Amino acid sequence: GHATSAASTASTGHSTPNAKESERRFGVTPPASLQEPTEAELAVSEQLKQDLELDFPRETAEGLAHREQVLEELEGIVSEWILEEGRSQGLSDETSFTAKIVTLGSYRLGVVQPGSDMDTLCIAPPHVAREAFFTAFLKKLENHPHVSDCVPIPGAYTPIIKLKLRRVSIDLLFARLVRPLEPGSDLEAVKDDEILKDMDDKSVRCINGYRVADQILSLVPNQEAFRETLRFVKCWARRRGIYSNVLGFFGGITWALLVARVCQLYPNYCFSQLVNRFFRIYDQWNWSKPVLLCDVVESVPGIAGFKVWNPKTNHADKQHLMPVITPAFPAMNCTYNVTETTKRILLDEFRRGYEVVKKVEQAKATWQEVHEPFPFFNNGPFVHYLCLEVLAKSPEVHVKFCGWVESKLRILHKSLEGAVRGMQIHPNPEQYDLRNSDAEWPLGCGMFIELAFFQDQGALPGMMVDLRPTLHQFAEVVSQWSEKDVYNSNFKLKLTHCKRKQLPEYALKAQADKRTRFRETEPH
């Protein structure tokens, strides 16, 4: 692979790099500054670290140890299944039955929180088919005494089984190797682009989640500074309501790539300086240019048929509004879901973040104010709301139907974007628990889209607004759910319009709780 050597030379910690390491350049341009932090800046960073621990606590040592045990147990279940598959096919060479469980996402990047999901990937040998993963293996999980809440989603873009193993929520992906790993081999082979040769598309997407996380860590000059900064940015993005790939905001991997690029530009900066630069850089970013951690590899000899992100030759890539490109081959844009609306909101938030960070520098604001929760339900001119309630009678149908509705929301956003002159929308990515507000439906969640009307953009006072055609169209899309007959009458989607005064109690209460928690953690 073209970045395998990086890990060995990446410097971590605050030690002064030796001559060999300081020669290594990270990123597609030279660094913007090689300046070292002052004592005062290091002190600010230390304080910020302690504040962040209150707001966005990291996983405890016990929690991490428990997760490690859970991973081992999961690997045990997988290995047993792979052995059974091989034997049932009459294969004698059991050395080729090696399966690996690897982590990706926030766990792999070292920014896991108590209670957060673990993204894991099963790397299976060639004799095991994806169909078996969703049938025989699924059955094995369902019968396991420590497994609960098992939900397969084979039709997803990256097909997945969601489960809980000893109370830890796990998203499990599956990739099938074309050639078996050598017995006793480590995972270096997976990092090599050769691994992708002749692999099926779904496996490529899944295995690249692992390869991307791995490369991010090898492409930043200081992993500790990267992790701290990413934790701050994730805390900010969640609280400001812009953390959601599926709704067209940015997902976890995008935020990691944005932070990694800042770390490359300021290799010696400490945590608080990197947070400051993060907002400055993306407030001023020219989005006709992509964010890249390394040069895009157009093609790899002997590996054909991969579409690499290229706006010059691919019309669809040219339409992307805020491209952020993954480092592993084949390079992809992980923000392809961004719409005009979410771009407007993201830019507003980068701008606001930078304004508050400048105030922090002048001692006119606290770091806490940077990630103050977004005032949903009290957001200036946005006084109308579309409320979508997903109702269900069992946990399984709830997870599946909720996921289906959520994956189609961007279609609704896009049709709302041009539906009424002068209307702006603000989607809220949070799913609010209904708090048993509906006796007939024990499970469910509420999702909201805020609406505002601006006269300077063509809205007229007192004009009639009829969103019914748009909502009927959306209901039509939702009703194409492939599993609707399986769960007949066990699920429902309710679409209503309300004004601020009519907002449901469960949503207002959740928002108030958030504000209270925020106030309690403010440093005095």
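Everything quoted here is computed from the prediction, not taken from an experiment.
Under the ring pair (Phe, Tyr, Trp, His ring centres under 6.0 Å) criterion, Phe56 pairs with no residue, sequence neighbours left out. Residues passing the ring pair (Phe, Tyr, Trp, His ring centres under 6.0 Å) test with Phe448, sequence neighbours excluded: Phe377, Tyr432. For the ring pair (Phe, Tyr, Trp, His ring centres under 6.0 Å) test, no residue two or more places apart in sequence or in another chain qualifies with Phe134.
A salt bridge links Asp214 and Arg108; the closest N-O separation between the charged side-chain nitrogens and carboxylate oxygens is under 4.0 Å. Between Asp193 and Arg211 there is a salt bridge, since at least one side-chain N of the basic residue sits less than 4.0 Å from a carboxylate O of the acidic one. Between Glu228 and Arg58 there is a salt bridge, since a side-chain N of the basic residue sits under 4.0 Å from a carboxylate O of the acidic one. The pair Lys400-Glu396 meets the salt-bridge criterion, since a charged nitrogen lies less than 4.0 angstrom from a carboxylate oxygen. For the pair Lys202 and Asp200, the salt-bridge criterion is not met [side-chain N within less than 4.0 Å of a carboxylate O].
In this structure, the ring of Phe350 has its center no less than 6.0 angstrom from the ring center of Trp285. Two rings, from Phe133 and Phe137, have their centers less than 6.0 Å apart. The aromatic ring centroids of Tyr487 and His398 lie 6.0 Å or more from each other.
Taking the ring centre of Trp404 as origin, the terminal cationic atom of Lys408 falls inside the region bounded by 6.0 Å and 45° from the ring axis. Cation-pi check for Arg205 over Tyr157 is met; the charged atom lies under 6.0 angstrom from the ring centroid and within 45 degrees of its normal. In this structure, Arg130 is not positioned above the aromatic face of Phe174 in the sense of NZ or CZ being under 6.0 Å from the six-membered ring centre and within 45° of the axis.
Side-chain N/O atoms of Lys499 and Tyr385 include no donor and acceptor closer than 3.5 Å.
Using bins of under 30°, 30° to 60° and over 60° for the plane-to-plane angle, the ring pair Phe374/His426 lands in the tilted bin. Between Trp236 and Phe278, the two ring planes are perpendicular [angle over 60°; tilted spans 30° to 60°].
Using a 4.5 Å heavy-atom threshold, the side chains of Leu388 and Thr496 count as separate. Residues Leu74 and Thr120 are in side-chain contact: their nearest non-hydrogen atoms beyond the backbone lie under 4.5 Å apart.
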